Amino acid sequence: MIDVACPSCKASYQLDERRVPAQGMQMRCPKCGASFRVDHPQNQGAAKEPVLGAALGLGRPPAPARPAPPVRERPA
């Protein structure tokens, strides 16, 4: 179980991490109706705190940079 907090009304909920796909999901707060993002716990590190940062889009690390393609020399 992970703790999830609504960024709008601050209501907290427990969510089974098996229901959260690896890419994360949108959740609608049953109390106030606000929609927010919930990231899978494996994508957040070992966070035991409410997933408020993830709901605000702060819990996702930046994507790794792709290496530049090799430069090929043209024949002379």
Side-chain angles (χ1 to χ4, degrees):
M1 297 296 250
I2 59 172
D3 292 323
V4 179
C6 173
S8 181
C9 70
K10 309 297 187 239
S12 63
Y13 304 97
Q14 286 195 339
L15 184 64
D16 186 349
E17 62 266 10
R18 294 176 292 184
R19 295 185 62 196
V20 181
Q23 70 273 15
M25 65 182 232
Q26 286 293 116
M27 180 176 166
R28 184 175 305 275
C29 177
K31 185 176 178 182
C32 72
S35 180
F36 57 95
R37 180 162 182 79
V38 177
D39 287 327
H40 193 278
Q42 289 179 337
N43 296 341
Q44 297 176 6
K48 294 287 184 183
E49 299 172 13
V51 190
L52 180 60
L56 297 175
L58 303 175
R60 185 175 295 248
R66 293 182 128 182
V71 177
R72 295 185 181 168
E73 294 184 24
R74 295 184 182 178

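Bear in mind that the values here come from a model prediction, so they are computed numbers and not experimental data. Reckoned from all heavy atoms, side chains included, excluding hydrogens, waters and symmetry mates.
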Review point. Do side-chain atoms of Arg28 reach the backbone of Gly33 as a donor and acceptor pair under 3.5 angstrom?
Key: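 Side chain of Arg28 to backbone of Gly33, a donor-acceptor pair under 3.5 Å: yes, one is there.
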Should [X] and [Y] count as side-chain neighbours, where that means a heavy-atom distance under 4.5 Å?
X: Met1; Y: Leu15; result: no
X: Cys29; Y: Ser8; result: no
X: Arg19; Y: Val38; result: no

Looking at [X] and [Y], what are the two nearest heavy atoms and their distance?
X: Ala11; Y: Lys31; result: CB-CD, 3.9 Å
X: Gln26; Y: Ser35; result: NE2-OG, 3.1 Å
X: Ala5; Y: Phe36; result: O-CE1, 4.0 Å

**Study point:** Distance (rounded to the nearest 0.5 Å) between Arg37 CZ and Met25 CE
**Key:**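 If I round to the nearest 0.5 Å, the distance is 10.0 Å.
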**Study point:** Qualifying residues under side-chain hydrogen bond (donor to acceptor under 3.5 Å, both in side chains), relative to Gln14, sequence neighbours excluded
**Key:**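 Listed in chain order: nothing, the list is empty.
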